[in-house]
Amino acid sequence: MPDVMATKRIYGLVAEFESPDQLLSAARRTREAGYRSVDAFSPMPIEGLAEAVGFHSTRLPLVVLLAGMFGAGGGFFLQWYANVVSFPLNVGGKPFNSWPAFVPITFEFTILCAALAAAFGMLALNGLPTPYHPLFNVPRFVMATRGRFFLCIKARDKKFHVDASRQFLESLMPFGVYEAEL
Amino acid sequence: MMATDTFGARFDRTQRRAFILGIAALILAVLDGLRAPEQFFRSYLLAFVFWLGFPLGCAAFLMVHHLTGGFWGLPIRRPLEAGTRTLPLLTALALPLLLGLSRLYSWTHSDLVAADAALKFKQPYLNLPFFLIRNVIYFAVWWTLVRRLNRWSDEQDRTGDPLLAARLENMSGPGLLLYGFTVTFFSIDWIMSLEPHWFSTIFGMIFMVLQVLGALALAILVAGLLSQREPVASAVTPDRFNDLGNLVLTFVMLWAYLAFCQFLIIWAGDLIQEIPWYVTRAQGGWAIVALVMIFLSFATPFYLLLMRPIKRSVQTLATLCGALIVINFLNVYWMVVPAFEKSGPRFYLLDLLLPMGMGGIWVATFLRQLKSRPLLPLHDPRFEGALEHAD
């Protein structure tokens with residue numbers, strides 16, 4: 001079946017660069033050329049790269065805020081319920097609802113819930129752990145954890161075309177351009 | 001070159017205006033004070049304690065940076081150093097207070113001490129000669145620290161000797177210890193002993209955090225203002241302001257933590273010697289001040305400083321820091337003034353004139369010191385490469 005061979009399913013095209021500055025300017029030019037489904041890979045954080053590939057803020061801060069508020073409310077309620085409703089105890093003649101004494105635990109609960117939400121929410125939203133990823137099919141991609149910098153245009157991009165996009169990536173003077181098969 | 005020239009002119013103009021305003025306010029304050037010497041010294045103490053926080057806080061934060069390093073110190077190093085060099089001014093401003101000690105502190109009156117068991121017990125510490133000796137020691141320690149911090153930094157600019165950074169680092173550890181001890185005792189002597197029956201061991205820490213927070217806010221504000229032109233413009237980056245914003249957030253939280261700890265412990269202990277301090281400060285008008293403070297010096301800055309865009313915008317963070325300095329004054333006001341006004345805050349013109357007068361002269365001195373040296377450190381090995389990647 002010849003036409004199945006022709007439409008080999010690919011994840012996208014990857015260009016390899018030798019320096020962070022090259023990657024940064026390549027990412028900017030790719031955005032300018034109209035590509036939207038772009039991702040960059042680097043062994044270290046690069047200032048401005050996230051903006052260059054069009055990364056917009058996630059919903060993680062909202063998740064953390066809500067979890068923190070839940071923690072605060074829950075932590076306070078726990079103490080209030082125990083001390084006022086379930087098992088009222090006269091401590092030094094203080095009122096049952098002694099809110100100053102509840103503050104430390106309320107604070108701890110806030111931090112606990114917010115921190116757990118931040119850690120697990122981050123994993124949930126960025127899809128980690130990912131044991132398999134199409135980019136792993138590119139043999140050179142192992143270098144992304146060492147000293148090379150990669151830029152990927154995904155096949156799901158509306159503007160994506162195997163030949164045209166490859167030509168475009170070549171024009172950015174990369175070390176090499178590879179196809180990532182699905 | 002033109003840009004730096006206009007900057008110089010602006011420095012001079014602000015400096016002159018601040019000085020004239022300060023002197024005018026001080027003259028009015030003295031005239032008003034002749035009518036009410038009691039109130040004059042109370043307001044003077046408030047103003048003095050507030051403004052002394054800046055040179056001391058600046059010295060402490062400089063030492064923190066000498067110990068830790070980090071590029072975030074680059075834009076604020078010179079404002080901090082200029083801040084420490086206002087210590088001689090504050091030393092001079094401390095002298096008039098000596099005339100008012102007997103009006104401010106009940107433990108200076110032998111008849112009151114004789115009639116009070118607690119005061120009699122504290123007399124070996126709370127007596128005039130020892131009070132004066134202690135203060136001579138505090139100021140001597142502060143002068144030594146400030147002189148070394150500035151002299152070695154100046155030498156670093158001129159010679160570029162890399163050993164000076166190590167020397168500054170080595171003095172900063174013991175220096176911070178000395179700062180901690182002297183400021184703790186200073187706060188006991190000048191503020192806690194206004195209400196000599198009350199005591200709290202955490203009080204000095206709260207006081208230190210207020211000083212450092214004020215100094216940090218000032219340095220960020222100044223760096224933000226200077227960042228409109230070179231050379232500071234290329235030293236100020238969103239990343240560094242993000243770091244500085246995080247530091248402000250840390251100190252805001254530390255203040256809240258310590259202030260609440262003190263309250264919680266005293267509230268839980270519920271002892272007759274300890275609670276009056278809070279009973280006064282949580283009643284009538286003072287309760288409103290306290291609530292405003294919880295809202296303005298913790299809740300609001302805490303919430304705002306959690307957001308990255310606010311920390312990364314030079315202008316927004318600088319504005320927020322300006323507001324924090326004003327709130328810092330409210331904080332000192334709430335700590336000091338209820339000792340005199342048990343029933344609630346009352347408006348005295350002197351409470352405005354004296355902080356403004358001292359502030360005017362302080363700002364003029366600060367600006368004169370700031371412009372006397374390059375606005376960025378020149379040869380600190382810690383900042384090597386810090387200006388390379390600035391677009």
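Sequence lines set the chain letters: A, B, ... in the order given, protein chains first and strands last, and positions in each chain run from 1. Any value given below was found using the heavy atoms of this structure, including those in side chains, with hydrogens, waters and symmetry copies removed.
- Between A/Pro100 and B/Phe260, the shortest heavy-atom contact is O-CZ, 3.3 Å.
- A salt bridge links B/Arg312 with A/Glu47; the closest basic N to acidic carboxylate O contact falls under 4.0 Å.
- More than 12 heavy atoms of other residues, nucleotides or ligands shown are found within 6.0 angstrom of CG on A/Leu62.
- B/Leu264 and A/Pro104 make their closest contact through CD2-CG, 3.8 Å (heavy atoms, listed as atom of the first residue, atom of the second, distance).
- Atom OH of A/Tyr132 has more than 12 heavy atoms from other residues, nucleotides or ligands within 6.0 Å.
- Summarising the local packing, CD of A/Gln167 is surrounded by 12 or fewer heavy atoms from other residues, nucleotides or ligands at distances under 6.0 Å.
- Surrounding CG of A/Leu128 are more than 12 heavy atoms belonging to other residues, nucleotides or ligands, all under 6.0 Å away.
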